2 protein chains.
Amino acid sequence: MKSSPVAERACGPALEGPDLRAVEGPEADAELAELAKALGHPARVRILRLLVRKDACICGEIVGELPLAQSTVSQHLKVLKESGLVRGEVDGPRTCYCVEPRAVRRLKALVGSL
Amino acid sequence: MKSSPVAERACGPALEGPDLRAVEGPEADAELAELAKALGHPARVRILRLLVRKDACICGEIVGELPLAQSTVSQHLKVLKESGLVRGEVDGPRTCYCVEPRAVRRLKALVGSL
DNA sequence: ACAATTTATCGTCGATTTGCGATGAAGTCT
DNA sequence: AGACTTCATCGCAAATCGACGATAAATTGT
């Protein structure tokens, strides 16, 4: 059996520790642009919000919340995953998506530096 | 004569007053997506940073800072202007671009709500 | 009036994005 | 094993983006 040993479970252990990267300079600009680009679509903003609120989710549930086809939602999730804002772990037949708090903090820091 | 009456001058009077719009919900999502999309390119992040630092600028100076053609920079400025993050006022033969602090604050509020 | 400067716009090209249905891969259940 | 579920991936079409050179528009200076 593989029933979750913990009741309220997110995807996995969140990466912790302070962020040492600079919030300015060419690299930071590229980083901010990449994160912003990932957020540059209403569906992806919505998805990220859903994940933040629920703290754990599955693609299926997300599809139900959006007026989009399953394949389209999967694509958006892929974009979010590639940006680092979201993490996905395979859990049996489903995939458990969750926010990567570190990346969200990073985004906030970068935007805050404007 | 139209010499600037003030030494350090930005574009014009910044829109002031508190922002009453919600930071969540479908409208906020669309707004965040739009602002994020405008920032979703390294050149535009760079331009915005330049404007924030200088507090007033002209397209020509910006072109000098970027490895892009003048027409391309003009396009990026147009995108930023349409997003509301930047304002441009015609000033003689040039155009004076400057940040719209209200929009930047709004962006920070929206990102902060994630 | 004319030349020079500064910025915006147009047209074009290739690349990327967005959306979808169809299909494939992986796992669960009976 | 076979049916079913869940999600990813593959093509494909339409739209948008990013970059450029060329050109137009507006203003200044001579």
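Numbered from 1 within each chain, the chains take letters A, B, ... in sequence-line order. Remember, it's a predicted structure, so these values are computed and weren't measured experimentally.
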Partners meeting salt bridge (Lys or Arg N to Asp or Glu O under 4.0 Å) with B/Lys54 (sequence neighbours left out):
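Testing B/Lys54 for salt bridge (Lys or Arg N to Asp or Glu O under 4.0 Å), a comparison that skips the adjacent residues, returns B/Glu61.
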Going by the rule salt bridge (Lys or Arg N to Asp or Glu O under 4.0 Å), which residues pair with B/Glu24 if we only count those two or more places apart in sequence or in a different chain?
A/Arg53
Pairs under 3.5 angstrom only: tabulate donor-acceptor contacts from the side chains of residues 29-43 of chain A to other protein residues two or more places apart or in another chain.
{"from": "A/Asp29", "atom 1": "OD1", "to": "B/Arg49", "atom 2": "NH1", "distance (Å)": "2.3"}
{"from": "A/Glu31", "atom 1": "OE1", "to": "A/Arg106", "atom 2": "NE", "distance (Å)": "3.2"}
{"from": "A/Glu31", "atom 1": "OE1", "to": "A/Arg106", "atom 2": "NH2", "distance (Å)": "2.8"}
{"from": "A/Glu31", "atom 1": "OE2", "to": "A/Arg21", "atom 2": "NH1", "distance (Å)": "2.9"}
{"from": "A/Glu31", "atom 1": "OE2", "to": "A/Arg106", "atom 2": "NE", "distance (Å)": "2.9"}
{"from": "A/His41", "atom 1": "ND1", "to": "A/Ala43", "atom 2": "N", "distance (Å)": "3.0"}

Between atom [atom1] in [X] and atom [atom2] in [N], what is the gap in whole Å?
X       : N      : atom1 : atom2 : answer
B/Leu77 : C/dT6  : CG    : C1'   : 13 Å
A/Glu89 : C/dG27 : CD    : C1'   : 16 Å
A/Lys78 : C/dC20 : NZ    : C1'   : 16 Å
B/Lys81 : C/dT7  : NZ    : P     : 12 Å
A/Glu82 : C/dT16 : CD    : C1'   : 13 Å
A/Leu68 : C/dT18 : CG    : P     : 11 Å
A/Gln75 : D/dC10 : CD    : P     : 9 Å

Pairing residues for A/Glu65 by the side chain to side chain donor-acceptor pair (under 3.5 Å) criterion, not counting sequence neighbours:
none
For residues B/Val63 and B/Ile47: do they belong to one hydrophobic cluster (side chain heavy atoms under 4.5 Å, members Ile, Leu, Val, Met, Phe, Trp, Tyr)?
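Linked, B/Val63 and B/Ile47 end up in one cluster.
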Heavy-atom check, side chain of B/Leu114 versus side chain of A/Leu107, under 4.5 Å:
yes
If you define the side chain from C-beta out and look only at heavy atoms, does anything of B/Cys57 sit under 4.5 Å from B/Ile62?
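Counting from C-beta outward, B/Cys57 and B/Ile62 do come under 4.5 Å.
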Ring pair (Phe, Tyr, Trp, His ring centres under 6.0 Å): pairs with one or both residues in [range], sequence neighbours excluded:
range                      : answer
residues 92-114 of chain A : none
residues 16-38 of chain A  : none
residues 55-75 of chain B  : none

Distances under 3.5 Å between protein N/O atoms and the N/O atoms of nucleotides 5-7 of chain D, please, pair by pair.
{"from": "D/dC7", "atom 1": "OP1", "to": "A/Cys59", "atom 2": "N", "distance (Å)": "3.4"}
{"from": "D/dC7", "atom 1": "OP2", "to": "A/Gly60", "atom 2": "N", "distance (Å)": "2.8"}
{"from": "D/dC7", "atom 1": "O3'", "to": "A/Thr95", "atom 2": "OG1", "distance (Å)": "3.2"}

Angle between terminal axes - the helix from C/dA1-D/dT30 to C/dT30-D/dA1, 5 pairs each end, rounded to 10°:
20°
Measuring from the side chain of B/Ser71 (C-beta onward, heavy atoms only), which nucleotide among D/dA19, C/dT9, C/dG19 has the closest atom?
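My answer, after comparing the listed nucleotides, is C/dT9.
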So if I take residues 31-51 of chain B and measure heavy-atom distances to DNA chain D, which residues fall below 4.0 Å?
B/Lys37, B/His41, B/Arg44
Got a list of side-chain donor-acceptor pairs under 3.5 Å for residues 68-84 of chain A, not counting sequence neighbours?
{"from": "A/His76", "atom 1": "ND1", "to": "A/Arg44", "atom 2": "NH1", "distance (Å)": "3.0"}
{"from": "A/Ser83", "atom 1": "OG", "to": "A/Leu80", "atom 2": "O", "distance (Å)": "2.7"}
{"from": "A/Ser83", "atom 1": "OG", "to": "A/Leu85", "atom 2": "N", "distance (Å)": "3.2"}

